[in-house]
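Side chains included, hydrogens not; waters and symmetry mates left out as well; all remaining heavy atoms used.
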Amino acid sequence: MREVIEEIRRWRADGRPVALATVARVSGSGLAPLGAVLACTDDLRIAGSVSGGCIESAVYAEAQEVLDGGPARLLRYGVSDELAWSVGLACGGQVEVWVERVEDTVLDAVTRAIAAGRRIARATVVAGTTGVGSGLTVGEDGPDGPVPAPPELGAALHLAAQNGLVTATPARVRTDLGTGPVDLLVQVVTPPDRLIIVGAVHIAVPLVTMAAATGYRTTVVDARPAFATRERFPHADDLILARPADVLAEHVPDRSTDVVVLTHDDRVDIPALRQALRSPARYIGILGSRSHHAQRVTALRERGVTEPELARIHAPIGLPIGAVGPEEIAVAVLAELVATRHPRPAPDRDLGRSATPEKTDAPERQDHPDRSAIAGT
C-alpha cells in the first residue's frame, strides 16, 4: 500500500471515495505477487497494479460496484474460468483479488506509521462463514482501533496481524474459529528499504536513480566535497559529507538496509566494511577484483573481523552479466540487491521431473573483472 498511499491521500483530500484491490492469492507466471495493490476512484483515476495489466479492467469494474455501496468482495480469475480469455489469463495464471473501500481510519493509521518509519499490518477476513470484511490494524504499539467481535475472531485477526509485523511480508492465513474456517489476508506496510552507498563515485550516480525507482531510500556518503554534491546526486534522499565509517557507526544499518562500498580506496573501504559488518545489514558488497578483495580480507582479519563476518561480504559486487560502463555496472549491482532482497529457490535443472529445491541465502555469483577504472576514482 505504501506505493499508492500518496495518490490515495490526494484523492481523499479531493473528496473522492477510493477502493483498494489487493492480490490475495496468486499462481502462474507473469502475475503480480501476493500483496500487490491497485487503488482507484470513481472518476477513472488508478494507481498501482494487481497483474501487470492482465485483469486491471475487470478489477476496476468490480471496484466501482464497491464504491457504489456494494460489499467488499473476493474476486477469482483462472484459466478454467469463462472470463479467462477476456481478462487476459490465457497464459494459465490464477489469481484472487480482495476489493474493499478505503476507510479513513485505516488510511490515517498507515500514514502515521509511514511518517514515523514504523511497520503496520492489517488482517482482514476475505472468505469463510464468519465476519467477511472484518479487519484489524495493528501497529508496533498494538491494535489501532477496536478489536472485532466475536472474541475468537478478534484474537485470530490480532495474531495474524502481529505475525505480519514480525515477518514484514503479506500472507494468506486459514484458521478455524470453531464455527468453521476463515481465510485472512494480511497486508503489511513497512518503511522503505535503505541503501547506503559509500563513495560518491561515477557508478553511484546511476545506481542512486535506479535504486530509488525500485523503492529504496538512498543515502550517499563521502568525505570529499568535490564528489558529494547535489549537482551530481539530485535524486539521493540523503547526501552526507563525512567519513563513511563514522556515519555507519552513528546510523547503524538494520536488516532492511543494504550497504554498497564503491570508493575503491582501502583507507576508506576497510574501516567502512568493518563497521558495516558489525551491523545486521542485509547485504554488504564492495567493488573490486577477487585479488584486491583477498588483500582486503587479510587487512580485515588483522583488525579482528571474524570468518563468519567476512563470509557476509559480496565481492566482487554485482551479478556477472558482463557489465561495461557505470550504467551497466549499476544494473548488475542493483540486480544482486534485488536477488538478495527476494531470495528464490534454485531452479530445477531436470525438466522431466518436479522437485522442491532448497532456498539459498544469496544468489550464486561468479567472478568478473575489476571495474575500478570506470568507477570515477
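Side-chain atoms of Asp183 do not come within 3.5 Å of backbone N or O of Ala127 as any donor-acceptor pair. Under the 3.5 Å distance criterion, the side-chain polar atoms of Glu328 are matched with a main-chain donor or acceptor of Val324. For Arg232 (side chain) and Phe227 (main-chain N/O), a donor-acceptor pair under 3.5 Å exists by modelled atom type. Side chain of Thr229 to main chain of Pro225: no donor-acceptor pair is present (N/O by atom type, distance under 3.5 Å, no hydrogens or angles).
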Name each donor-acceptor pair under 3.5 Å that joins a side chain in residues 136-152 to protein atoms two or more places apart or in another chain, with its distance.
unit_1	atom_1	unit_2	atom_2	d
Thr137	OG1	Arg122	NH1	2.7
Glu140	OE1	Arg118	NE	3.2
Glu140	OE1	Arg118	NH2	3.3
Glu140	OE2	Arg119	N	2.9
Asp141	OD1	Arg118	NH2	3.4
Asp141	OD2	Arg118	NH1	3.1
Asp144	OD2	Arg112	NH2	2.8

Could you tabulate the donor-acceptor pairs under 3.5 Å formed by side-chain atoms of residues 17-25, not counting sequence neighbours?
unit_1	atom_1	unit_2	atom_2	d
Thr22	OG1	Gln187	NE2	3.0

Val126/Leu184 under side chain to side chain contact (heavy atoms under 4.5 Å, CB included): CA gap, chis, key distance, verdict: CA-CA 6 Å; Val126 297; Leu184 309 179; over 6 Å; no
Side chain to side chain contact (heavy atoms under 4.5 Å, CB included) assessment of Val125 paired with Leu157: CA-CA 8 Å; Val125 182; Leu157 289 168; 4.0 Å; yes
CA sep, side-chain torsions, deciding dist, call: Val201, His264, side chain to side chain contact (heavy atoms under 4.5 Å, CB included): CA-CA 9 Å; Val201 299; His264 214 265; over 6 Å; no
Residues Glu100, Thr124; criterion side-chain hydrogen bond (donor to acceptor under 3.5 Å, both in side chains); working and verdict: CA-CA 10 Å; Glu100 61 189 334; Thr124 306; 4.5 Å; no
Worked check of side chain to side chain contact (heavy atoms under 4.5 Å, CB included) between Thr306 and Arg301: CA-CA 7 Å; Thr306 66; Arg301 285 196 185 103; over 6 Å; no
Check against side-chain hydrogen bond (donor to acceptor under 3.5 Å, both in side chains), Asp265 and Thr263: CA-CA 5 Å; Asp265 182 343; Thr263 313; over 6 Å; no
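Residue pairs satisfying the salt bridge (charged side-chain N to carboxylate O under 4.0 Å, His left out) criterion with at least one member in residues 311-323, sequence neighbours excluded, are absent. The salt bridge (charged side-chain N to carboxylate O under 4.0 Å, His left out) contacts involving residues 268-278 comprise nothing, where partners must be two or more places apart or lie in separate chains. For residues 279-289, every residue pair satisfying the salt bridge (charged side-chain N to carboxylate O under 4.0 Å, His left out) rule, not counting sequence neighbours, is listed here: Asp193-Arg282, Asp258-Arg282.
Leu310 contributes atom CG, which lies 7.0 Å from atom CG of Leu277 (distance to the nearest 0.5 angstrom). Taken from OG1 in Thr169 to CG in Leu165, the straight-line distance is 10.5 Å, to the nearest 0.5 Å. Separation of atoms CG (Asp222) and CG (Leu241) is listed at 7.5 Å; rounding is to 0.5 Å. Here the straight-line distance linking atom CG of Leu107 with atom CD1 of Ile8 works out to 6.5 Å at 0.5 Å rounding. To the nearest 0.5 Å, the span separating CZ on Arg243 from CG on Leu248 amounts to 10.5 Å. Here CG of Leu273 is found 5.5 Å from CG of Leu300. Values are rounded to the nearest 0.5 Å.
You'll find the side chain of Val97 stays beyond 4.5 Å of the side chain of Arg76, heavy atoms only. Using a 4.5 Å cut-off on side-chain heavy atoms (C-beta onward), Leu207 and Val260 make contact.
If you chain together hydrophobic residues whose side chains sit under 4.5 Å apart, Val252 and Ile240 never meet in one group. By the criterion of side-chain heavy atoms lying less than 4.5 angstrom apart, applied directly or through intervening Ile, Leu, Val, Met, Phe, Trp or Tyr residues, Tyr216 is not grouped with Val188; the two fall into different hydrophobic clusters. Under a hydrophobic-cluster definition in which Ile, Leu, Val, Met, Phe, Trp and Tyr are linked whenever side-chain heavy atoms come within less than 4.5 Å, directly or via other members, Trp98 and Val26 are assigned to different clusters. If you chain together hydrophobic residues whose side chains sit under 4.5 Å apart, Val166 and Leu34 never meet in one group. Taking hydrophobic clusters as Ile, Leu, Val, Met, Phe, Trp and Tyr residues chained together by side-chain heavy-atom distances below 4.5 Å, Leu185 does not share a cluster with Val99.
Side chains of Tyr283 and Glu336: a donor-acceptor N/O pair is present below 3.5 angstrom, by distance only. Residues Asp254 and Ser256 have side chains that bring a donor and an acceptor to within less than 3.5 angstrom of each other. For the residue pair Thr105 and Asp108, no side-chain donor N or O sits within less than 3.5 Å of a side-chain acceptor on the partner.
Between Asp14 and Arg16, none of the side-chain N atoms (NZ, or NE/NH1/NH2) sits under 4.0 Å from a carboxylate O, so this pair counts as no salt bridge. The residues Arg217 and Asp238 are annotated as salt-bridged, a charged nitrogen and a carboxylate oxygen being separated by less than 4.0 angstrom. Classification of Arg73 and Glu62 as a salt-bridged pair holds, one side-chain N sitting under 4.0 Å from a carboxylate O.
Within a 6.0 Å radius of CZ in Arg230, other residues, nucleotides and ligands contribute more than 12 heavy atoms.
Checked against side-chain contact (heavy atoms from CB on, under 4.5 Å), Gln64 has the following partners two or more places apart in sequence or in another chain: Cys40, Asp42, Tyr60, Leu67.
Across all non-hydrogen atoms, the minimal contact from Val259 to Ala276 is CG1-CB, 4.3 Å.
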